[in-house]
Amino acid sequence: MADDQNLDSAAAQVERAQADECLRPSIAGFFDEATNTVSYVVHDPKTDEAAIIDSVLDFEAASGRTSNGSADRIIEYVTSNNLKVTWLIETHAHADHISAAPYLQERLGGKLAIGRDIIRVQEVFGKLFNAGTDFERDGSQFDKLFEDGETFKVGELEGIALHVPGHTPADMAFIIGDAAFVGDTIFMPDFGTARADFPGGDAHQLYRSIRRLLSLPDETRLFLCHDYKAPGRDEYAWETTVKQQRQENVHVKDGVSEEDFVEMRTTRDKTLAMPNLIMPSVQVNIRGGRLPDPEDNGVSYIKIPVNAV
Ligand SMILES: [Fe+2]
């Protein structure tokens with residue numbers, strides 16, 4: 001990739017962390033089997049400051065009930081390790097689970113962050129759900145909107161955000177020390193890649209975003225947002241490396257052209273059903289994980305657009 005200064009900065013950060021243990025985060029993954037999602041608590045061992053990435057609010061669609069078991073596991077980990085949460089990060093507006101960020105923010109603090117292009121996602125889905133003018137389509141539901149190449153800190157650890165659109169227009173990867181949290185771009189090498197057929201998705205962009213991430217140093221640790229097991233693998237897994245992905249990813253290993261990837265991705269996406277929780281998830285997540293305002297009876301409702309998607 002020619003002249004990509006933000007990627008160069010990210011690679012330099014990873015190299016600094018690889019050379020110095022003090023610049024590497026401690027990472028705990030929390031797997032939610034109901035939605036195949038992995039949430040992370042990433043912390044600086046020196047200062048105990050932490051970021052929580054892609055948390056899950058449990059939701060039973062049939063009854064419309066939310067619960068906090070998954071989020072409470074994270075709170076338990078944070079409090080028992082005496083961590084101080086400074087960031088609640090979303091890699092994108094998820095379509096398969098509701099974010100627990102507001103619940104966690106109330107109890108643990110921290111700034112709620114997502115990519116700047118969430119505004120485009122809010123436009124598209126604001127229209128689809130016929131959200132009124134009271135639904136601001138300006139990202140103001142979040143405390144921080146990250147742009148490509150923007151740096152941040154978790155304690156004394158260095159972080160940098162990279163815009164990696166394709167699955168949705170707003171996807172970001174967050175690189176903290178030598179660890180990249182890649183959201184929905186690549187999955188484990190034996191499973192492949194994220195779908196690119198949601199509104200605003202683009203398989204060409206996804207290929208370029210993934211190849212960009214795979215230009216990071218070989219031993220960059222990659223932490224994935226989901227796992228679904230794979231033929232021949234019975235255990236869930238969510239950590240891999242750039243090198244392993246370049247050698248083995250069944251969709252985008254070295255040598256696969258953009259054209260071939262797009263052909264494969266587009267064909268495969270046509271066979272995939274919409275995620276069970278897409279309507280509740282998107283509706284809530286574009287509001288920063290907050291439920292739509294209650295109606296005059298005090299109850300919040302989730303809408304389902306009929307014959308519109
Ligand atoms: Fe996603």
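As the structure lists them, so they are numbered: ligands from 1, and atoms in each ligand from 1.
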Quick check: does H226 put an N/O/S atom under 2.8 Å from the Fe ion (ligand 1)?
no
N, O or S of H94 under 2.8 Å from the Fe ion (ligand 1)
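Given the 2.8 Å cut-off, H94 does not count as a ligand of the Fe ion (ligand 1).
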Where do R287 and E136 land on the salt bridge (charged side-chain N to carboxylate O under 4.0 Å, His left out) test, with the steps shown first?
CA-CA 9 Å; R287 292 177 162 83; E136 307 273 3; over 6 Å; no
Relative to F142, does R290 satisfy both conditions: NZ or CZ under 6.0 angstrom from the six-membered ring centre, and within 45 degrees of the ring's axis?
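Pair R290/F142 does not count as cation-pi.
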Against the six-membered ring of Y103, is R107 placed for a cation-pi contact (under 6.0 Å from the centre, within 45° of the normal)?
yes
Test salt bridge (charged side-chain N to carboxylate O under 4.0 Å, His left out) on K46 and E156 and set out the steps.
CA-CA 8 Å; K46 196 163 154 201; E156 291 175 12; 2.8 Å; yes
Do you know which N/O/S atom name in D184 is closest to the Fe ion (ligand 1)?
OD2
